[in-house]
Amino acid sequence: MLIRQLLLIVTGASYGLLSAAGVFTVLVAVGLIPRFAGKTHTARYVLLYEEMVIFGTLAGCFVTIFPEYSQWGNYLREHFPEQMRLWTAAGIGAQAVFGLFAGMFIGCLALAIAEMLDSIPIFARRISFRHGLGGAILGMAAGKICGSLFYFATELHRTVQ
C-alpha cells in the first residue's frame, strides 16, 4: 500500500511539473514577460516579473489543491460578522481588480500566441514539410476541441468538497 501511495505521489508530482514546464515554456517562447517590460519601459524589473509569474502559478496551484485553506471569506464571516458589508464590498473590489488583470494577461497571451502562429509556415518550409500542413493544424484544433468537450461533459471543472 505504501509503494502504491509513493507511486501516486511521484506520478502526480511529475505530471504537475510537466504541466508547469509547459506553461512556462509557452510564456518564454512567446516572450510575453520581456514584451511587457519593454512596453512599460521597466526592463530592469524583468526578473521580478518572472518571479511574480512563478509565485502566482504556485499560489494558484496551492489554492486549487488545498481549497480548505483558502476560504478567507468563511474566516472573516465567523470572526468579524458585524463588518460583513465591508468584507463583501472588499471581495467584489478584489474580484474586479483580479478580473481586469487576468483579462489583460489572457488577451496579451492570446495576441502573442497569434503572432507565434505566423512562424508555423516558416518552420514548415524550413523542415520541408510541404504537404499536409493544413491537416496538421486542423488535427491540433480538433484535438483541442475534443479535449474541451470531454472536460466539460465529464464535469471535471467542478470541485467536490
Side-chain angles (χ1 to χ4, degrees), residues 1-2 4-119 140-161:
M1 193 61 145
L2 180 64
R4 185 175 181 187
Q5 288 176 340
L6 287 174
L7 182 63
L8 285 173
I9 290 170
V10 168
T11 304
S14 299
Y15 289 150
L17 288 172
L18 284 173
S19 341
V23 169
F24 293 129
T25 300
V26 167
L27 289 177
V28 168
V30 169
L32 196 62
I33 297 170
R35 183 175 297 177
F36 281 155
K39 291 288 185 185
T40 59
H41 306 293
T42 56
R44 64 182 177 267
Y45 298 118
V46 76
L47 290 176
L48 176 68
Y49 295 153
E50 291 172 352
E51 289 171 2
M52 290 299 107
V53 167
I54 292 171
F55 174 74
T57 304
L58 291 175
C61 288
F62 180 80
V63 168
T64 302
I65 293 172
F66 304 111
E68 62 272 9
Y69 297 117
S70 60
Q71 301 289 328
W72 302 302
N74 288 338
Y75 176 81
L76 293 173
R77 190 177 307 117
E78 290 173 6
H79 291 81
F80 305 102
E82 62 277 355
Q83 281 109 6
M84 261 332 283
R85 285 186 177 206
L86 174 67
W87 300 129
T88 303
I92 291 171
Q95 284 179 342
V97 170
F98 174 79
L100 176 70
F101 285 112
M104 289 186 332
F105 179 78
I106 295 299
C108 291
L109 183 63
L111 288 173
I113 290 174
E115 284 182 13
M116 237 179 91
L117 287 177
D118 294 339
S119 65
M140 288 188 284
K144 181 69 175 166
I145 289 171
C146 289
S148 297
L149 289 174
F150 176 76
Y151 178 78
F152 289 110
T154 57
E155 296 187 353
L156 290 173
H157 61 284
R158 300 206 188 273
T159 58
V160 179
Q161 297 287 331

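Values below: all heavy atoms of this structure, side chains included; hydrogens, waters and symmetry mates excluded. Residues: numbered from 1 along the sequence shown.
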Name every donor-acceptor pair, under 3.5 Å, that has one atom in a side chain of residues 75-90 and the other anywhere in the protein, sequence neighbours excluded.
| residue | atom | partner | partner atom | Å |
| --- | --- | --- | --- | --- |
| R77 | NH1 | N74 | OD1 | 2.8 |
| H79 | ND1 | Y75 | O | 3.0 |
| T88 | OG1 | M84 | O | 2.8 |

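- Sorted by first then second residue, the salt bridge (Lys or Arg N to Asp or Glu O under 4.0 Å) pairs that include residues 88-109, not counting sequence neighbours, number zero.
- Applying the side-chain hydrogen bond (donor to acceptor under 3.5 Å, both in side chains) definition to pairs two or more places apart or across chains, those involving residues 33-48 are R35-E115, T40-T42, T42-Y49.
- Listed by chain and number, the residues in a side chain to side chain contact (heavy atoms under 4.5 Å, CB included) with V63 are S70 (sequence neighbours excluded).
- In terms of the side chain to side chain contact (heavy atoms under 4.5 Å, CB included) criterion, residue partners of F62 (sequence neighbours excluded) are, by chain and number, F66, Y69.
- Closest heavy-atom contact between V46 and P34: CG2-CA, 4.3 Å.
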When the side chains of residues 4-14 are checked against the rest of the protein, which donor-acceptor pairs come out under 3.5 Å, sequence neighbours left out?
| residue | atom | partner | partner atom | Å |
| --- | --- | --- | --- | --- |
| T11 | OG1 | L7 | O | 2.7 |
| S14 | OG | V10 | O | 2.7 |

